[in-house]
J.: 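The structure is given below, and queries will be raised subsequently.
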Amino acid sequence: MQAVTLSRLVLDRMPEIHELLTETEKEAQILIYGEVSALKEEEIYYIVAETIAKKRMCQYYH
């Protein structure tokens with residue numbers, strides 16, 4: 001298991017969407033079991049979508 005930022009995950013596997021993320025989303029810590037390179041494209045989309053949803057939901061509580 002390893003912790004990576006969403007920014008690193010996106011830059012490694014989907015750099016074309018990196019500029020669409022906010023700074024808060026880019027800095028989000030993600031736990032990955034295994035290697036980032038082993039993730040399927042669908043899994044990366046799911047991780048990105050869930051992280052964005054959670055970060056946007058948390059903004060209302062600050």
J.: Supply the atom-to-atom distance Y45 OH to R13 CZ, rounded to the nearest 0.5 angstrom.
T.: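 Going from the OH atom of Y45 to the CZ atom of R13 covers 10.5 Å.
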
J.: Do I52 and L21 touch side chain to side chain, with heavy atoms closer than 4.5 Å?
T.: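 When only atoms from C-beta onward are counted, L21 and I52 do touch, with a gap below 4.5 Å.
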
J.: Going hydrophobic residue to hydrophobic residue with side-chain gaps under 4.5 angstrom, can you get from I30 over to Y46?
T.: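 I30 and Y46: separate clusters.
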
J.: Does the side chain of K26 come within less than 4.5 Å of H18's, by heavy atoms?
T.: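 The answer is yes, as the side chains (C-beta and beyond) meet within the 4.5 Å cut-off.
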
J.: Is Q2 reaching over with its side chain to a backbone N or O of Y33, donor-acceptor style, under 3.5 angstrom?
T.: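 Flag not set: sc Q2 to bb Y33 has no pair under 3.5 Å.
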
J.: Checking E42 now: which residues fulfil side chain to side chain donor-acceptor pair (under 3.5 Å) with it, not counting sequence neighbours?
T.: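 Checked E42 against side chain to side chain donor-acceptor pair (under 3.5 Å); zero matches.
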
J.: Just wondering, do I47 and L39 contact through their side chains at under 4.5 Å, heavy atoms?
T.: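 A side-chain contact exists here, since the closest heavy-atom pair is under 4.5 Å.
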
J.: Would you say I32 and M14 are hydrophobically clustered, going by side-chain heavy atoms of ILVMFWY under 4.5 Å?
T.: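 Linked within one cluster.
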
J.: Do S7 and E27 come within less than 4.5 Å of each other through their side chains, counting heavy atoms only?
T.: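 Side chain of S7 against side chain of E27, heavy atoms only: no contact under 4.5 Å found.
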
J.: Once side chain to side chain donor-acceptor pair (under 3.5 Å) is applied, do any residues pair with T5, and if so which ones, sequence neighbours excluded?
T.: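 Checked T5 against side chain to side chain donor-acceptor pair (under 3.5 Å); zero matches.
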
J.: Report the residue from L6, L11, D12 that forms a side chain to side chain contact (heavy atoms under 4.5 Å, CB included) with R8.
T.: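 Result for side chain to side chain contact (heavy atoms under 4.5 Å, CB included) with R8: D12.
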
J.: Taking only residues two or more places apart in sequence or in another chain, which ones pass salt bridge (Lys or Arg N to Asp or Glu O under 4.0 Å) with E16?
T.: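 Scan of E16 (salt bridge (Lys or Arg N to Asp or Glu O under 4.0 Å), adjacent residues dropped) gives none.
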
J.: If every non-hydrogen atom of A3 is compared with every non-hydrogen atom of Q29, which pair is closest and at what distance?
T.: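 Minimum heavy-atom contact is CB-OE1, 3.7 Å.
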
